[in-house]
There are 2 protein chains.
Amino acid sequence: MATMQEVATHAGVSIATVSFVVNGTKRVSPATRERVTAAMTELGFRNNVVARALASKRTRIIALLFPALEHRLGGTALTFFMSAASRASDLGYHLILWPVDTGPDELRDLLSGGLVDGVVLMEVKMHDTRIDRLAELRVPFVAIGRTADVDDLPFVDIDFETTVEEGLDYLTGLGHERIGLVIEDLEGTSMAGYGPHVRSERTYRDSMARRGLEPVVVFCGPGAAGGRQAATDLLAADPAMTATMIMKDDSAFGLVRGLLAEGRRVPDDFSVLSLSSSTEAGATSEPALTTMNAPGHELGTLAVEALIERLDGKAGQDAPLPHVLLPCILHEAGSTAAAPAR
Amino acid sequence: MATMQEVATHAGVSIATVSFVVNGTKRVSPATRERVTAAMTELGFRNNVVARALASKRTRIIALLFPALEHRLGGTALTFFMSAASRASDLGYHLILWPVDTGPDELRDLLSGGLVDGVVLMEVKMHDTRIDRLAELRVPFVAIGRTADVDDLPFVDIDFETTVEEGLDYLTGLGHERIGLVIEDLEGTSMAGYGPHVRSERTYRDSMARRGLEPVVVFCGPGAAGGRQAATDLLAADPAMTATMIMKDDSAFGLVRGLLAEGRRVPDDFSVLSLSSSTEAGATSEPALTTMNAPGHELGTLAVEALIERLDGKAGQDAPLPHVLLPCILHEAGSTAAAPAR
DNA sequence: CTGAAAGCGCTTACAG
DNA sequence: CTGAAAGCGCTTACAG
């Protein structure tokens, strides 16, 4: 493991010159560059990133803050972790996985060690104190998810509004008019006010009203049992219902079973559309569920790109904040069909 | 953000003394310690981890190497990531998520920058060249999973042998004798030779033989469709079969459906035991699947502990290598029952 | 128990 | 285009 000094000596130049060719920070004559490059390969030089970090005050490390206590992070989270790490790696950065489980003071302790240049924040709520802390600490960050007021928040998020709207377009296009929504019951948990739920429910209600249709929202417990109960609740609220959207992967199958138990075959009598899911998750059911696929990979990639762009200053101080919204993409499978004739 | 020097000046001591109280590396008189501590809190001192890393040649960062191209990492992986990161954090370390997608040379490039003190290696195959590279590079590491020859490999892994054995004990205890095994078909993929599959199948065959029973192994494609086909294949191989183990979460439900289609009710006529799964995954099916739960959380925690123990030298040079094996834990639910009377 | 000082391996004005 | 030198903020023998 040769040092930069050794390379310099070997090439007969100053250490500054070596630094310049390593980083491309300054013009170096082709001849010198050649000698330095040769010395580097000969000695097997590898830039010490810690020394560079200390001298340049940039570690090229970004942190992905995730809630340690929420062991309910879904399958999208894994895709997200991996995509974020891969994109960071491509851009010459490293991604640290940072569990945050206590109050906002912990955040300061963590971030002030000088280890990270910036932060990606996961699982944002509509009102999130961590955002304020981050701003106070003047740490560059990008949020995955949006708070209620989004004006001066740099974020990347699923466009739940468009997703729900398009989901309803799809179902009404199939002739359905009595369409329910099944979402997780978060009342009283630490995740109350979780953006995806709030926005989806609100958009659903608004959009149904705009279409002159009657909204029916059912809250759902965990697993297949929760889904089965949701089926019962749905039909109790409206026995003539012919379709529903559900935003809860682990209960979708139970919902289908529950509908069957209530005498509704899927998709012949009743259509089920799984929101913010994936083709793979849908394929574990039978019939395979029609899904609106969450863009977890794109989100992870874009979040990291947006953050690093801000860090590298390509986006100037006065550059517009990143506001990226990506809808889920419809994947048709076997759980949706034309509305039954009346 | 006060520096150590500023704290020293403020407390009227040398910077060395401040370092000693910060790190507890040397005896300091109570009076001086008191003054230093006061100065630290007053100035809001926070140790710069990068400077410490450069001076001490220890970054307190460990890397979790995951295969970037394998987008088939299961739900256990997420638990694993989070647990590893949390435990590292508890022990004063940071966990970098490191995608490795190309050849073993990349490994050298990545690790020689001096950023990481040690490595946790995921998704180990029976013959894994990365292990050899790591040993060559003299990077301290712990593997999740085992190679074929385990003698000088520091590892933490699921005890698939015990898991399969206990699964068979459980099923035979219920009176089953004709018991199949459904596993993923990895032939021809980059994951061929993947430890969990190889060991599970081998143990199953051996154990069945030892019990005087006839083994039936069926390879299974993705999703519910794969599971449904597996049901057909199972019964084609042995129409009198009354139970099976399956190591493939996403196909377990399809398997149950396929059995039903073949006229076998679960669990009355046929028992299904899902291996290396989780209670939550089992609960998405109906009936809820009896599972052998993968100890993802424990594995992540133990892997990091073992690695850090080696790094901190608590385990001396000649200390025995960590060889940790944890079996999956049985969780009884609704997919298993006493064998039907003949 | 405490301090002076060298050193970790780079980057970056500054000067030429 | 190239170099001498200060400095990033710590740790750690060494001496007393």
Side-chain angles (χ1 to χ4, degrees), chain A residues 1-37 39-40 43-61 92 94 111-117 311-313, chain B residues 1-37 39-40 43-61 92 94 111-117 311-313:
Chain A
M1 209 69 66
T3 70
M4 201 173 260
Q5 186 52 260
E6 294 171 327
V7 172
T9 308
H10 196 84
V13 299
S14 82
I15 183 178
T17 301
V18 178
S19 175
F20 297 151
V21 350
V22 167
N23 298 297
T25 23
K26 260 194 186 174
R27 200 148 211 78
V28 174
S29 78
T32 342
R33 165 186 309 280
E34 176 65 20
R35 287 218 311 289
V36 171
T37 313
M40 291 200 303
L43 299 180
F45 170 73
R46 217 139 300 270
N47 203 344
N48 182 307
V49 297
V50 178
R52 173 170 64 172
L54 182 59
S56 67
K57 301 186 155 297
R58 300 275 310 277
T59 62
R60 301 195 138 255
I61 295 175
H94 297 293
L111 265 15
S112 49
L115 219 212
V116 309
D117 290 342
L311 294 178
D312 287 350
Chain B
M1 207 71 65
T3 69
M4 201 172 260
Q5 185 54 257
E6 293 171 327
V7 171
T9 308
H10 195 85
V13 300
S14 80
I15 182 178
T17 302
V18 179
S19 176
F20 298 152
V21 350
V22 167
N23 299 297
T25 23
K26 261 194 185 173
R27 202 149 212 75
V28 174
S29 79
T32 336
R33 165 186 309 281
E34 177 63 23
R35 287 219 312 288
V36 171
T37 312
M40 290 200 302
L43 299 180
F45 171 73
R46 215 136 303 266
N47 203 344
N48 182 307
V49 297
V50 177
R52 171 169 66 174
L54 183 60
S56 68
K57 301 184 154 300
R58 300 274 311 276
T59 62
R60 301 196 140 253
I61 295 176
H94 297 293
L111 297 172
S112 48
L115 219 211
V116 308
D117 290 343
L311 294 178
D312 288 349

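Residue numbering restarts at 1 for every chain, and letters A, B, ... go by the order of the sequence lines. Every value quoted in this text rests on a predicted model; they were computed, and no experiment measured them.
- One distance of note links CZ of B:Arg60 with CG of A:Leu115; it measures 11.5 Å at 0.5 Å rounding.
- Using Watson-Crick or G-U wobble geometry with both donor-acceptor distances under 3.5 Å, C:dA13 finds no partner in any strand shown.
- Partner assigned to C:dA4 is none, using Watson-Crick or G-U wobble distances below 3.5 angstrom.
- Within 4.0 Å of A:Val13, counting heavy atoms only, lie sugar-phosphate atoms of the nucleic acid but no base atom.
- Here B:Glu6 contributes atom CD and B:Ile15 contributes atom CD1; the two are 10.5 Å apart, rounded to the nearest 0.5 Å.
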Nucleotides 4-13 of chain C: protein proximity per nucleotide (B base, S sugar-phosphate only, - neither; heavy atom, under 4.0 Å): B--BBBBBB-
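- For B:Thr17, a side-chain nitrogen or oxygen approaches OP1 or OP2 of C:dG3 to under 4.0 Å.
- When each of A:Gln5, A:Met4, A:His10 is tested with A:Val18 by the rule side chain to side chain contact (heavy atoms under 4.5 Å, CB included), just one qualifies, namely A:Met4.
- For the atom pair CG (B:Asp117) and CG (B:Leu111), the distance works out to 11.5 Å, reported to the nearest 0.5 Å.
- Between B:Ile61 atom CD1 and A:Thr59 atom OG1 the span is 8.0 Å, to the nearest 0.5 Å.
- Put simply, the side chain of A:Val21 does not reach to within 4.5 Å of the side chain of A:Thr32, judged on heavy atoms.
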